[in-house]
Protein chains: 2
Amino acid sequence: MNVQLTERVKCSECPIRHRAVCARCDDSELDKLDKIKSYRSFKAGQTIIWRGDDLTHVSSVVAGIATLSKTLDDGRMQMVGLLLPSDFIGRPGRDTLDFDVTAASDVTLCSFERKPFERLLVETPHISQRLVEMAMDELDAARDWMVLLGRKTAREKLASFVQMLVQRSHIDGTAIPELVLPLTREEIASYLGLTLETVSRQFTQFRKDGIVEFKDRRNFIVIDHAALLEATGDDADGGVIV
Amino acid sequence: MNVQLTERVKCSECPIRHRAVCARCDDSELDKLDKIKSYRSFKAGQTIIWRGDDLTHVSSVVAGIATLSKTLDDGRMQMVGLLLPSDFIGRPGRDTLDFDVTAASDVTLCSFERKPFERLLVETPHISQRLVEMAMDELDAARDWMVLLGRKTAREKLASFVQMLVQRSHIDGTAIPELVLPLTREEIASYLGLTLETVSRQFTQFRKDGIVEFKDRRNFIVIDHAALLEATGDDADGGVIV
DNA sequence: CGCTATCTTGAATCCCTTCAAGTCGCGTGG
DNA sequence: CCACGCGACTTGAAGGGATTCAAGATAGCG
């Protein structure tokens with residue numbers, strides 16, 4: 001694997017320290033993690049883990065965006081997860097994954113060898129508790145996504161996606177109204193169960209409807225938040241996807 | 001809630017003892033569970049938990065089938081989970097669910113009050129470990145379902161559903177080739193992201209193709225397993241949904 | 001025996017896909 | 001510097017698969 005090492009950051013100064021799998025750890029527990037962790041970086045487009053590969057490491061995303069995707073025999077692809085900083089890759093107790101993990105942007109991971117991590121897990125309830133919580137959150141998000149995939153129209157799907165970006169920008173605390181599409185049209189399509197042409201057409205429609213305004217192909221601002229929310233098909237505050 | 005009590009079964013003699021949340025418990029741990037458990041029964045069609053309801057209990061399904069579903073403003077509904085015996089209802093650490101839980105058949109639950117259960121969870125790693133494992137399995141299943149909802153045709157969706165029933169009948173060990181549809185056409189449609197008419201039409205097509213043979217509306221046998229598998233759109237053994 | 005819920009079938013419609021052509025923006029090399 | 005080429009994106013037109021609307025069949029149950 002084409003891996004680049006990155007300079008070490010102490011856990012206590014890590015940007016994802018309060019949201020990642022280590023969120024509940026105390027100082028002594030962080031020390032243990034610090035000793036067995038290593039950083040790995042991937043360029044945009046690189047595959048981080050192939051479906052079925054022996055899972056030597058489990059990791060937290062420190063920076064960048066990764067995607068989880070599954071492919072059918074004939075090439076049809078469906079994204080089944082989007083990993084943002086602090087999200088966890090890998091499943092303790094299983095030595096392969098049933099989907100590909102790909103770097104959508106340049107990605108930096110905080111990695112642990114699986115076996116030592118699993119041993120640590122047994123004696124560190126703070127980590128396993130957090131892992132359960134994160135798995136449950138992911139399950140909630142997956143269920144919202146199932147509603148989107150099974151029942152929403154193309155317009156509603158894209159509106160939901162944009163709304164998710166809006167929500168996330170609030171969490172990140174960036175007060176800038178300008179948003180960035182973290183994925184290509186094709187990746188967005190893969191996420192939403194659409195074709196890239198349909199995604200493009202719906203973006204055009206949003207522009208014509210005065211809901212968004214594009215600065216260039218990747219950067220845009222939401223002009224009419226109410227209309228966007230209306231277009232998602234959800235209730236005012238429900239159905240929000242992490 | 002229209003609840004009926006059912007006679008107590010000792011945990012050690014419980015039919016789901018080795019698959020449910022208690023699977024890893026030893027005798028002394030089972031004793032603790034035995035003391036705080038109660039049985040509750042629901043008639044087919046009854047709602048077990050409404051979305052947003054205060055979650056007083058968490059439960060294991062002992063017998064019957066329950067569905068998890070979400071509904072959009074305008075009434076569109078999507079099933080987001082199917083609970084079979086041994087599956088768990090409820091999320092420790094959260095006091096509501098974001099979906100409705102409904103009895104698809106007559107259902108018997110083994111329930112625990114949430115608060116005592118959560119206390120037990122802290123001091124009983126065997127239970128929390130099993131809970132993680134089950135959540136992870138559910139997440140895997142949810143991801144397979146996302147591929148189905150996002151990318152498969154109506155024919156492939158229904159074939160995948162029937163194939164799941166076949167798989168499950170093997171697990172249950174019933175050597176009888178006759179299978180039972182545990183859901184109505186409408187419920188199947190809700191599960192597959194289709195309309196009930198489309199489900200009906202695809203069943204008819206399967207009959208015409210000689211893949212299945214119906215004894216009546218609910219009971220059928222698979223005649224051509226190879227063709228069924230072919231029709232799922234998955235690889236030979238991959239993409240199986242539990 | 002008829003009532004009702006469930007299911008099947010048909011015909012028309014529509015939304016999304018597919019196929020195709022063209023545009024835009026950017027880095028590379030002549 | 002500009003032409004070139006390529007990847008990403010947009011737009012159009014045609015086609016198709018699933019939905020919608022509607023009517024009828026079937027089976028279970030009082």
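Lettering follows sequence order; numbering is per chain, from 1.
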Please report the distance, rounded to the nearest Å, between [atom1] in [X] and [atom2] in [N].
X: A/L196; N: C/dC19; atom1: CG; atom2: C1'; answer: 12 Å
X: B/L183; N: C/dA5; atom1: CG; atom2: P; answer: 20 Å
X: A/D74; N: C/dT18; atom1: CG; atom2: C1'; answer: 15 Å
X: A/R76; N: C/dC16; atom1: CZ; atom2: C1'; answer: 15 Å
X: B/Q205; N: C/dT9; atom1: CD; atom2: P; answer: 11 Å
X: A/L158; N: D/dC9; atom1: CG; atom2: P; answer: 13 Å
X: A/F203; N: C/dC16; atom1: CZ; atom2: P; answer: 15 Å

Criterion side chain to side chain donor-acceptor pair (under 3.5 Å) on A/S111 and A/R40, from CA distance to verdict: CA-CA 7 Å; A/S111 292; A/R40 297 190 298 158; 3.0 Å; yes
side-chain contact (heavy atoms from CB on, under 4.5 Å) partners for B/A44, two or more places apart: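 B/A44: side-chain contact (heavy atoms from CB on, under 4.5 Å) contacts with B/D106.
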side-chain contact (heavy atoms from CB on, under 4.5 Å) partners for A/R94, two or more places apart: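 side-chain contact (heavy atoms from CB on, under 4.5 Å) list for A/R94, sorted by chain: A/R91, B/D137, B/D140.
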Distance below 4.0 Å between B/T204 side-chain N/O and C/dT9 OP1 or OP2: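 Yes, B/T204 has a side-chain N/O under 4.0 Å of OP1/OP2 on C/dT9.
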Pair listing, ring-ring contact (aromatic ring centres under 6.0 Å, His included) test, anchored in residues 67-91 of chain B, at least two apart: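 ring-ring contact (aromatic ring centres under 6.0 Å, His included) check on residues 67-91 of chain B returns B/F88-B/F117.
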Pairs meeting criterion ring-ring contact (aromatic ring centres under 6.0 Å, His included) with involvement of residues 48-84 of chain A, two or more places apart: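 As it turns out, there is no ring-ring contact (aromatic ring centres under 6.0 Å, His included) pair with a partner in residues 48-84 of chain A once direct neighbours are skipped.
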Under 4.0 Å protein heavy-atom contact, by nucleotide of nucleotides 16-30 of chain D - B base, S sugar-phosphate only: --SBBB----BS---
B/R218 vs B/K208, nearer the 5' end of DNA chain C by closest nucleotide: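 Its nucleotide being nearer the 5' end, the pick is B/R218.
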Residues which pass ring-ring contact (aromatic ring centres under 6.0 Å, His included) with B/F203, listed by chain and number, not counting sequence neighbours: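 In terms of ring-ring contact (aromatic ring centres under 6.0 Å, His included), with neighbours along the sequence ignored, B/F203 is linked to B/F214.
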